[in-house]
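In what follows, a structure is listed as structure tokens, so that the remarks can point back to it.
The figures that follow rest on heavy atoms only: side chains count, while hydrogens, waters and symmetry mates do not.
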2 protein chains.
Amino acid sequence: MTDSLTEPLPGPSPQPLTADMFDPECPNRAMPIRLEAKWAWLIIRCLEGGPRRFSELRVPLARVTPKVLSESLRAMERDGLITRTAYPENPPRVEYALTDLGRSLLGPMDAACEWGRRHLGRLLDAREAYERRRAPGPSEPARPSSPARP
Amino acid sequence: MTDSLTEPLPGPSPQPLTADMFDPECPNRAMPIRLEAKWAWLIIRCLEGGPRRFSELRVPLARVTPKVLSESLRAMERDGLITRTAYPENPPRVEYALTDLGRSLLGPMDAACEWGRRHLGRLLDAREAYERRRAPGPSEPARPSSPARP
DNA sequence: CCGTATCCCTGACGATACTG
DNA sequence: CAGTATCGTCAGGGATACGG
């Protein structure tokens with residue numbers, strides 16, 4: 001079971017997830033939520049415009065198996081980020097919707113997206129340059145045994 | 001090797017990490033960086049106040065083995081988030097420092113921390129309430145076979 | 001001091017099939 | 001339609017030991 005968002009980090013954890021980790025004065029303050037808990041980010045985006053049914057979510061998340069999607073949704077429901085409403089009809093209908101708490105995540109998410117729009121290109125450039133430094137040509141065996149990298 | 005931050009997500013990915021994913025108009029825009037790539041977040045915080053040596057980083061990150069710390073640092077160096085400077089002394093000395101690109105992450109990170117300070121308590125409350133609903137007492141076997149959860 | 005080299009283990013997923 | 005059950009994989013990363 002994916003623990004979705006927070007989760008005090010099972011075993012070896014930087015901190016046991018205390019409140020002062022979010023005090024700007026605390027030097028060790030850490031990221032509380034695994035905002036990108038693999039699918040949570042995308043699910044929130046899918047629900048941004050209103051409630052969605054399970055099968056509706058499966059369209060943009062086609063690469064997520066129903067099992068994993070279901071687990072993710074339940075974990076998010078557990079954390080109070082979304083609600084699950086089942087209508088006793090036939091065929092059954094279930095709708096997922098963002099809570100206020102879940103919606104409050106849109107702010108930090110937008111901040112991160114804004115960072116991506118402005119800086120991701122530079123990061124990818126740096127990565128490409130780094131890889132090219134290690135593999136100058138396709139004829140190179142790559143990874144000289146010891147030197148390189150000042 | 002931990003791929004640190006971005007990484008187009010190896011196999012089944014929601015999107016191949018294109019630029020328009022960061023367009024606020026794109027409904028599928030996703031989180032580009034795995035901001036919390038396990039240790040990257042904490043490393044950035046450790047470097048926030050200035051360059052640090054490898055052994056200095058090991059103090060606040062005592063639970064990270066040198067192997068993993070080394071891998072994380074190299075991945076971040078590859079992505080242009082930090083620099084690695086080795087001084088040819090004896091004993092050897094190496095200093096890691098944030099680049100401008102790495103420092104630009106502090107903005108989104110602070111936004112996330114601010115979210116944590118304001119809302120994390122509510123998330124934890126919701127989680128606790130959910131778990132208690134499933135395990136009302138220590139005498140309960142938990143997980144009734146089918147009902148519960150409207 | 002600053003890392004690498006090995007080994008191994010776990011838990012998050014993915015594939016596929018099947019129910020209420 | 002809305003999931004669950006079962007099985008398998010595989011990469012992240014922890015433990016330990018060693019090298020420049």
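In this view, Ser55(B) and Arg53(B) satisfy the side-chain contact (heavy atoms from CB on, under 4.5 Å) rule, not counting sequence neighbours. With sequence neighbours excluded, the residues satisfying side chain to side chain donor-acceptor pair (under 3.5 Å) with Ser104(B) are Trp115(A). Applying the side-chain contact (heavy atoms from CB on, under 4.5 Å) criterion to Val94(A), with sequence neighbours excluded, gives Arg84(A), Ala86(A), Tyr96(A). Looking at residues two or more places apart in sequence or on another chain, you find a side-chain contact (heavy atoms from CB on, under 4.5 Å) between Pro66(B) and Phe54(B), Arg58(B). Here Arg103(B) pairs with nothing under the side chain to side chain donor-acceptor pair (under 3.5 Å) rule; sequence neighbours left out.
Taking atom CZ on Arg84(B) and atom P on dC1(C), their separation rounds to 16 Å, with Å as the unit. Taking atom CZ on Arg58(B) and atom C1' on dA15(D), their separation rounds to 12 Å, with Å as the unit. The distance between atom CG of Asn90(A) and atom P of dT19(C), rounded to the nearest whole Å, is 18 Å. Between Glu89(A) atom CD and dC1(D) atom P there is a gap of 13 Å when expressed in whole angstrom units. Rounded to whole angstrom, the span from the CD atom of Glu77(A) across to the P atom of dA2(D) amounts to 15 Å. A straight line from CG of Leu42(A) to C1' of dC13(C) spans 15 Å, rounded to a whole angstrom. Leu61(B) places its CG atom 11 Å from the P atom of dG14(D), with the value rounded to the nearest Å. Straight-line distance from the CZ atom of Arg93(A) to the C1' atom of dG20(C): 18 Å, rounded to whole Å.
Relative to the ring axis of Tyr130(A), Arg78(B) does not place its NZ or CZ within 45° and under 6.0 Å from the centre.
For the pair Pro91(A) and Lys67(A), nearest-nucleotide mapping onto DNA chain D gives the more 5' position to Pro91(A).
Residue Pro66(A) has its side chain nearest to dG3(D) when only dG14(D), dG3(D), dT4(C) are considered. Side-chain proximity of Trp39(A) to dG14(C), dG3(D), dA2(D): nearest is dG14(C). When the nucleotides dG14(D), dG14(C), dG3(C) are ranked by their closest atom to the side chain of Phe54(B), dG3(C) comes out on top. The side chain of Val94(A) lies closest to dA2(D) when the candidates are dA2(D), dG3(C), dA15(D).
Taking the C1' atoms of five terminal pairs at each end of the helix from dC1(C)-dG20(D) to dG20(C)-dC1(D), the two resulting helix axes are inclined by 50°, rounded to 10°.
For Ser70(B) and dC2(C), the shortest distance from a side-chain N or O to OP1 or OP2 is not below 4.0 Å.
Salt bridge annotation for Arg93(A)-Glu95(A): present, with a cationic side-chain nitrogen under 4.0 angstrom from a carboxylate oxygen.
At a threshold of 4.0 angstrom between heavy atoms, the contacts of Tyr96(A) are confined to the sugar-phosphate backbone, with no base atom among them.
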